[in-house]
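As structure tokens, the structure follows; a few thoughts come after it.
None of these values were measured; they are calculated from a predicted model. A, B, ... follow the sequence lines: proteins, then strands. Residue 1 opens every chain.
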Amino acid sequence: MITEVFFDVETKKLFSEIDKFDPADLGVSIVSLYRRILDENYIEKEGKLMSFWEADFQKLWPIFQEANRIIGFNSINFDVPALEPYTNFPIKKLPHFDIMAKVKDVFGRRISLDSISKETLGREKSDIGVNAVLYWQTGGKENLKKLQRYCDDDVIITKELYDFVLKNGYLHFKDKWNTQRRVDLDFSYPKEKSQKQIGLF
DNA sequence: TTCATCTTATTTTGAGTGGG
DNA sequence: CCCACTCAAAATAAGATGAA
């Protein structure tokens, strides 16, 4: 039985509003996640999309801690450090899986979620990140609803992207010369370590 | 050896880019 | 906007060569 969590964090501030570059100083307004259970053949048996405002953040920790894989986009250098001040355990030590980092490893550059989503899934992000901050700072029921919808949407895109790569072994995006590029990736879990080769002779 | 010039390295700027 | 990182272009340096 395998548990996976896809998540996305929206912040309360922009980098321009804090002193030094540290996502931990941005504050987190909302966290959306999709948690799913896979069977031993990695088939999804059940999954659920959830959102958490700050008051409910403590409900996040067990979900994260039980996950076999925590998937995000630029999560290792953004979402995780942003969330870190709210935790009382080493969240960085959990099994994070950062799709942007994987693409960067192969292609050598950081590629936006929007670009990958457009070319791979044929689907654009529903909004842009800075608006998430604007919605939070403006406040009001409507804006908070938009904020949540945006965050949820990013989680879904992340999940669909991950599943696409799992199934097809590649993804597309447009580079800065606007030509379509393809990157081959393997998102499967590492095979059980073989002990056979150890200790011969 | 030294100067002038051409070729090849090295490095250092500069510009672009992702996340919210 | 901020930081870290990458690539390209420009600026420097380092050889290499030929001739006086």
Applying a 4.0 Å non-hydrogen cut-off, can you work out what [X] is touching in the nucleic acid: base, sugar-phosphate, or nothing?
X       : result
V130(A) : base
F78(A)  : sugar-phosphate
L113(A) : sugar-phosphate
L14(A)  : base
I18(A)  : nothing

Rounded to the Å, how far apart are [X] [atom1] and [N] [atom2]?
X       : N       : atom1 : atom2 : answer
D8(A)   : dG20(B) : CG    : C1'   : 9 Å
D114(A) : dT17(B) : CG    : P     : 14 Å
D25(A)  : dG20(B) : CG    : P     : 17 Å
K13(A)  : dC2(C)  : NZ    : P     : 14 Å
D98(A)  : dG19(B) : CG    : P     : 11 Å
I157(A) : dG20(B) : CD1   : P     : 11 Å
F173(A) : dG18(B) : CZ    : P     : 11 Å
F21(A)  : dG20(B) : CZ    : P     : 12 Å

**Asked** Going by the angle between their ring planes, with limits at 30° and 60°, are F6(A) and Y34(A) parallel, tilted or perpendicular?
**Response**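 Geometry flag for Y34(A) against F6(A): tilted rings.
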**Request:** Check I76(A), V80(A), L83(A), T87(A) against K92(A) for a side chain to side chain contact (heavy atoms under 4.5 Å, CB included) and give me the one that passes.
**Result:**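 By the side chain to side chain contact (heavy atoms under 4.5 Å, CB included) criterion, K92(A) pairs with just one of I76(A), V80(A), L83(A), T87(A): V80(A).
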Hey, are [Y] and [X] close enough side-chain-wise for a donor-acceptor pair under 3.5 Å?
X       : Y       : result
S51(A)  : Q148(A) : yes
D152(A) : S32(A)  : yes
D153(A) : S126(A) : yes

**Item:** dC1(C) phosphate, OP1 or OP2, under 4.0 Å from K20(A) side-chain N/O
**Value:**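 It does not, given that no N or O in the side chain of K20(A) lies less than 4.0 Å from OP1 or OP2 of dC1(C).
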**Request:** Verify the contact: side-chain N or O of K104(A) to OP1 or OP2 of dT6(C), cut-off strictly under 4.0 Å; return yes or no.
**Result:**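 Affirmative; the distance criterion is met.
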Protein-nucleic acid N or O pairs under 3.5 Å, nucleotides 12-14 of chain B:
none

**Carboxylate-amine/guanidinium proximity below 4.0 Å for K146(A) and D127(A)** =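 Judged by the 4.0 Å cut-off on N to carboxylate O distance, K146(A) and D127(A) do not form a salt bridge.
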**Item:** Residue met sooner reading DNA chain C from 5', once S16(A) and R109(A) are mapped to nucleotides
**Value:**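 Per heavy-atom nearest nucleotide, the more 5' residue is S16(A).
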**Message:** With nearest nucleotide decided by heavy atoms, which residue, F107(A) or R110(A), maps closer to the 5′ end of DNA chain C?
**Reply:**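 Comparing both residues, the 5'-ward one is R110(A).
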**Message:** Whether K102(A) engages the ring of F97(A) as a cation-pi pair (distance to the six-membered ring centre under 6.0 angstrom, angle to the ring normal within 45°) should be assessed.
**Reply:**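 Ring-cation test returns yes.
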